[in-house]
Every structure is written in structure tokens, then in C-alpha cells.
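Here the structure comes first, spelled out in C-alpha cells, and everything after it is commentary.
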2 protein chains.
Amino acid sequence: MSAPTPRKTMPRLDESLLTPMPPFSRLEKRQIREILDLASVRRFDEGVAVFEEGAPAERFYMLLDGYIRVMRITPTGEQVIALHIPSGQLFGIAQAIGRTTYPATSVTASEAIVLGWPMRLWDQFVAQYDGFASETYKTVGQRLGEMNNRIVEMATQQVEQRVANSLLRLINQTGRKVEAGIEIDFPITRQDLSEMTATTLHTVSRLLSAWEKQGVVASRRKRITVTDPHRLVLICRGEAPPSR
Amino acid sequence: MSAPTPRKTMPRLDESLLTPMPPFSRLEKRQIREILDLASVRRFDEGVAVFEEGAPAERFYMLLDGYIRVMRITPTGEQVIALHIPSGQLFGIAQAIGRTTYPATSVTASEAIVLGWPMRLWDQFVAQYDGFASETYKTVGQRLGEMNNRIVEMATQQVEQRVANSLLRLINQTGRKVEAGIEIDFPITRQDLSEMTATTLHTVSRLLSAWEKQGVVASRRKRITVTDPHRLVLICRGEAPPSR
DNA sequence: GCGGCTTTTTGTTCTGGCGCAAACTTCTCG
DNA sequence: CGAGAAGTTTGCGCCAGAACAAAAAGCCGC
């Protein structure tokens, strides 16, 4: 229906790239230049692993453009999606939490542009650049809090509420305003959503269909738009009648 | 059956108290003395809140003796137990993850002795004491990893496996060797266990009864002893036939 | 030793949502 | 443009485990 999406272009390594990113925002141009000179930049297609769980943590990364999905795979092969990382965040920062291997796999949820540094530079960055460590730990703290919330949700809520919650989190973190409402800014399948909410793609599909009938969401293949966020909030609080 | 437990005695504030604790283990006696002089020490009865979710994070703490349970309470009043903290760990370190309020409630799971410092000293400790920050973040990282594991478990495992997992975690972190096996070192009810595993106390009770018949655990009121840890590992891997 | 409380056990019923199966729709690529 | 692949929808039976209920056991203070 639309023209083929243009391939994301490789950016020139320019100070303006990193200046808006919180971990670097307090730095001088000269310092950012230094940091960039040490980085390598790469473009990834959608659905490609940047690193895998258990591998030695040799590099840490910053996502310049696109979305990253952090997931784990159980011994029996099931996938569980832990979180999505929006552009502008560091990831793969195993060193920051005292690990020498990556604790999870990260896969591109869309085409992505990624900056990478050798892990040995981590301590140097922490020591050398003001605000780098504290901003990073703010991010770690946010992720910790988010995971905590998910545990509470999974322990206390029904499937419908959990899925509604996940949708809300997604549009908050990765939503893009479109005419019809707020669209999740990367391709996402029913299967993906089920792996974020500990359910099956069948149940997610039924829920989305029901919500679509009620005008809460609009969806097509691999795309979901929330048209009535407020209603979704009611659903995730359990204040709306079950949609089945 | 036994004589009433003697009340935990308030320790003298002595360097030997902090020397073995990882965040402080690299410090000189003089530095530890400084740190102790800034601390206040308190004894808590079992089941008392040290701080509550949402309260301004005015102090951070180190657990000298006993156990702390970190939990959250949902709007509908259900409790979810996030983790247990063994003695020797810092807790309430909101500042470390960039927060100004406590993200969860912490309650003593047993009688406990706790050291506390005003939060404004946090940055000072980080700046002044070598290894303090990195050891702390190792702890944060461990908790992050543990929570991640729990999410994966909750998403992919059956109740029986989750309860087995929780028991194993508990005896690993807070187990005490006794004649019959390894006992969880603080009072714990079926209800508590159900709040850690997202199930009901009824189901936990049935499981423990079944395991007791199989000689895997021994339990009495508020006490659980694992008599066959290896069997429990099989159960949590799903390699043993369901116990019901 | 007794009354009241908390914790644990056990039985029974009921249902959310999973498992399985099959058809349908939408994209992609030659 | 047609074939195949990938993603989605829908129907139906079933069961793990929640909900409800009630009794039993253990503990505490007086």
C-alpha cells in the first residue's frame, strides 16, 4: 500500500548526535568528540541480535535510532520479552551492574542504528565524565522499577489488564502520534505482545479484536494504534467490564 | 518446645561490625570509624515496617542482623513480596537508582538490627570511599537479575515449579543447616510463600503437604526445612511428576 | 487450663484462559 | 500475478488452580 520504507541512513558521527542523550548531556563538545572517536557505529536490520545472553560482555552500546527488544529464552525455548529500549538509551551495560556476561539477549525490534564501545572504556567514562554514572543509574533504576511493576501485575492482574498495561507502557515509551491516535512506533505482532504479558497469541488476538470493536484500538498486521487511551487505562485498572 | 528466643542484643558500634560487609570491606579502620560515627542503630521487632513505599527517601540502611522483606501493596490491598534481604546488605538505597521516594515497603521478616544514615551522606560515601559504589551496584545488579528470573518463571512455569524455585532461592540466601536438612532462617507462613509465587495459600499448603509426604520438606508452623534439595531442583525444572 | 486467635489442612465447585485445530488474510518475492 | 510464507482470527474442549467453605491444629495471654 505504501512505498517501501527508505532504509535508515548511516549518520555522520557528529557532536549533535550525542548532545541530547542524557548520559552525555552535561559534557563539553570536546569531550563528546573524544567519546565519538572511540565509538563504532552500525546499522542493524529488524530482528537481528545485537548480543546474546551469556556471551562475554565485550561492548556496551547506545541506541541512536530504532528500538531494541530485551528478551530471555528459557531452556525449553520459550521467549519472554523483558523490556523495550527507545532510542537515546544505553544498553548492554553489564559492567554497570557488576556482570561480565550479558544477562539477556537484545534484538532489534525495528531497523536500528547503534553506537558501540569496548567495555574496558566503561570505567574510564564513569571516572572521566561528569553525570555519566548518575544518569546511567537513573536508567537502571527505572528499569528495576518497571520490572518490579511487571512482577506485581503478573502476580495480581488478569490477562486483559496485563495486556492493556503493556500497551499503555508501549505507547508511553515508544508511541508516535498519528491521526487516529497513538501508534506503537515499531512492528509488533500478537505473538510479541503475548511474550510480554505471559499469555498466548490467541488470547491477545481475541482481546485486540474485542477492543477494536469497542473502538479502543485499531490494528493491522504488525501495527497497533491506541485510539482511546483513557478507556485503556480503565481496562487496566479493572474498572471496565471484561471484553469477552 | 524450646525456651523463648532471647531478644537480639544491641551490638556495640565497633569496626568489626562493618569490616566484613562488602560495601565497606576495602576500607581502613579509620574510615569505618567515621562511617559508624554518622550512623544510628535500631532494633526492630518482627513484622515492623522500616520504611514504606512512596515515602520520601530520607535514610538508607544496612541490615546488621535478621532479615528484611521487600514488598509492594496493590491498590486493592494485595501484597506481593519482591525479595528478601539477608544481613550484610544495604537497603533503602533509593538514591542509588535516582529516586527520591522509596519504591517499595520493607518490613522485618524477623527481629532485626539495622544501621541507618541520612540520605544526604550517600553521595559523600560514593565519592569518598573506594569500592562503595561498585559493590553497591553489584548488589543492585544481582537484584535486577533475580527479578528478571522471577518474571521469566512467572511467565513460563507452573505453580509447583515456582514454589519450588522460591524455596530454593530462600534456602540459598537465608538457609541455615540443621540436622534434618536446610531450614529457612526466619518465620515464614504459607501465605508469605504464596505472595512470593503469585498463588494462594491454599495451593501452597497442598504442595507442602504433598512434598512432606515425599520427604522433600519438613514443616511446622511458620518454619520450613528442606530435607531433599536435590529433589526440589528436579521439581523446579519440571523433571519430577506433579505432586497432586 | 481455657478462650480466642492465627495458621494450616482439606474438600468441593467453578472458570479463565490455554491447547489444539483449522481457516482466513495480508504480505513478499520470484 | 501467483505461490508460499508469515501473521491473524475463531471455535471448542479441557484442566490447573482460584474461590469458597469449613474444620482442625497450634499458639498465646490470662
Side-chain angles (χ1 to χ4, degrees), chain A residues 1-5 45-47 76-80 109 153-164 166 184 186-213 217-225 235 238 241-244, chain B residues 1-5 45-47 76-80 109 153-164 184 186-195 197-213 217-225 235 238 241-244:
Chain A
M1 123 185 164
S2 55
T5 328
D45 283 330
E46 181 190 326
T76 55
E78 291 136 306
Q79 296 190 351
V80 179
E153 281 165 28
M154 288 177 60
T156 61
Q157 299 188 322
Q158 308 265 95
V159 167
E160 179 167 13
Q161 299 169 48
R162 297 206 303 269
V163 176
S166 277
I184 296 171
F186 56 87
I188 185 165
T189 65
R190 313 288 187 265
Q191 174 77 40
D192 294 333
L193 216 34
S194 75
E195 288 172 4
M196 304 174 58
T197 50
T199 181
T200 59
L201 81 159
H202 309 276
T203 301
V204 171
S205 176
R206 279 178 242 269
L207 282 173
L208 285 181
S209 299
W211 289 342
E212 190 136 20
K213 280 202 194 85
V217 303
S219 71
R220 47 202 177 89
R221 203 179 219 236
K222 287 192 168 205
R223 288 283 164 189
I224 301 173
T225 307
I235 292 172
S243 310
R244 10 151 66 253
Chain B
M1 126 185 171
S2 55
T5 329
D45 282 330
E46 181 190 328
T76 54
E78 290 136 308
Q79 297 191 350
V80 179
E153 280 165 29
M154 287 178 60
T156 61
Q157 299 189 324
Q158 308 264 97
V159 167
E160 179 168 12
Q161 298 169 50
R162 297 206 303 270
V163 176
I184 295 171
F186 56 86
I188 184 165
T189 65
R190 313 287 187 266
Q191 175 76 41
D192 293 334
L193 217 33
S194 75
E195 287 172 5
T197 50
T199 180
T200 60
L201 81 161
H202 309 274
T203 300
V204 170
S205 176
R206 279 179 240 269
L207 281 173
L208 285 181
S209 299
W211 289 342
E212 190 136 20
K213 281 203 194 82
V217 303
S219 71
R220 48 202 177 88
R221 204 176 216 237
K222 289 194 170 202
R223 287 285 164 186
I224 301 174
T225 307
I235 292 172
S243 310
R244 2 140 83 252

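Throughout, a chain's letter reflects where its sequence line sits, starting with A, and its residues are numbered from 1.
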Sub-3.5 Å donor-acceptor pair from the side chain of [X] to the main-chain atoms of [Y], do we have one?
| X | Y | answer |
| --- | --- | --- |
| A/Arg162 | A/Gln157 | yes |
| A/Ser166 | A/Val163 | no |
| B/Thr197 | B/Leu193 | yes |
| A/Glu160 | A/Ile235 | no |

Rounded to whole angstrom units, what separation is found between the [atom1] atom of [X] and the [atom2] atom of [N]?
| X | N | atom1 | atom2 | answer |
| --- | --- | --- | --- | --- |
| A/Leu207 | C/dG16 | CG | P | 13 Å |
| B/Met154 | C/dC18 | CE | P | 13 Å |
| B/Gln158 | C/dG16 | CD | P | 19 Å |
| B/Glu78 | D/dA18 | CD | C1' | 12 Å |
| B/Gln157 | D/dG17 | CD | P | 11 Å |
| A/Glu160 | C/dT15 | CD | P | 18 Å |

Can you build the contact string for nucleotides 6-15 of chain D? Use B for base contact, S for sugar-phosphate-only contact, and - for no protein heavy atom under 4.0 Å.
BSBBBBB---
Classify the side-chain pair B/Thr76/B/Glu78 by whether it contains a donor and acceptor separated by less than 3.5 Å.
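Note: B/Thr76 and B/Glu78 side chains meet the donor-acceptor criterion.
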Checking side chain to side chain contact (heavy atoms under 4.5 Å, CB included) for the pair B/Thr189/B/Asp192: CA distance, chi angles, key distance, verdict?
CA-CA 5 Å; B/Thr189 65; B/Asp192 293 334; 3.2 Å; yes
